[in-house]
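One structure is given here, and the rest of the page talks about it.
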Amino acid sequence: MPMRVLDTAALLNWPLSKLQGSVVPKQRDELLRIAKEREYLIEAAQLDWQTPSTKFLEDAKNLATTTGDIAGLSEVDLEILALTLQLGGILITDDYRLQNCCVAAGIDYEPVITEGVAEQWKWELVCTGCRGVVTSSKVSASKGEHGHCPDCGSPYKMRKC
Ligand SMILES: [Zn+2]
């Protein structure tokens with residue numbers, strides 16, 4: 001089975017049971033910047049941290065230049081693309097520019113959010129006082145304070161929906 005290279009959206013959204021594949025060390029910095037609460041999960045996951053070689057990084061840049069996508073790609077994106085080329089793997093990404101590069105290079109890609117829908121929980125906050133419900137993309141499965149209801153001032157409780 002070809003190696004899967006995961007882009008940061010997979011690190012952000014996938015449950016631990018699915019988090020298997022290759023990633024570049026710069027994604028750790030990116031993740032810590034935007035979702036510190038995922039750190040423990042990423043440490044526990046079976047990820048293969050690899051930096052692509054200079055040669056494949058050059059290939060990735062040339063590829064993205066050819067397709068016209070390079071302006072929209074970050075350094076991390078280019079490293080992920082380079083690693084996919086290097087491993088002959090499948091790139092897991094929702095970024096259409098990266099997908100475009102995969103098509104041009106003849107490498108396979110898969111979107112981040114497709115399979116394993118049953119494993120994805122949605123969360124909502126319920127007011128312990130007036131039972132008001134907040135469904136928000138900001139609600140995450142992390143522990144801790146969830147704030148108070150603006151209507152009655154009671155604390156929110158998180159539940160799966
Ligand atoms: Zn309330």
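Every number for a ligand or one of its atoms is a count from 1 in the order of the listing. Because only heavy atoms are used, hydrogens play no part in the values below, and waters and symmetry mates are left out as well, while side chains stay in.
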To the nearest 0.5 Å, tell me how far Leu73 CG sits from Asp95 CG. 6.0 Å
To the nearest 0.5 Å, how far apart are CG in Asp7 and CD in Glu30? 8.5 Å
What's the separation between atom OG1 in Thr128 and atom NE2 in His148, rounded to the nearest 0.5 Å? 8.0 Å
Are the side chain of Arg97 and the backbone of Asp69 linked by a donor-acceptor contact shorter than 3.5 Å? no
Taking 2.8 Å as the limit, list every protein N, O or S atom around the Zn ion (ligand 1), by chain and residue number. Cys127 SG, Cys130 SG, Cys149 SG, Cys152 SG
For Asp59, give me all partners under salt bridge (charged side-chain N to carboxylate O under 4.0 Å, His left out), at least two apart in sequence or on another chain. Lys55
Do Glu43 and Arg28 meet the salt-bridge criterion of a basic N to acidic O distance under 4.0 Å? yes
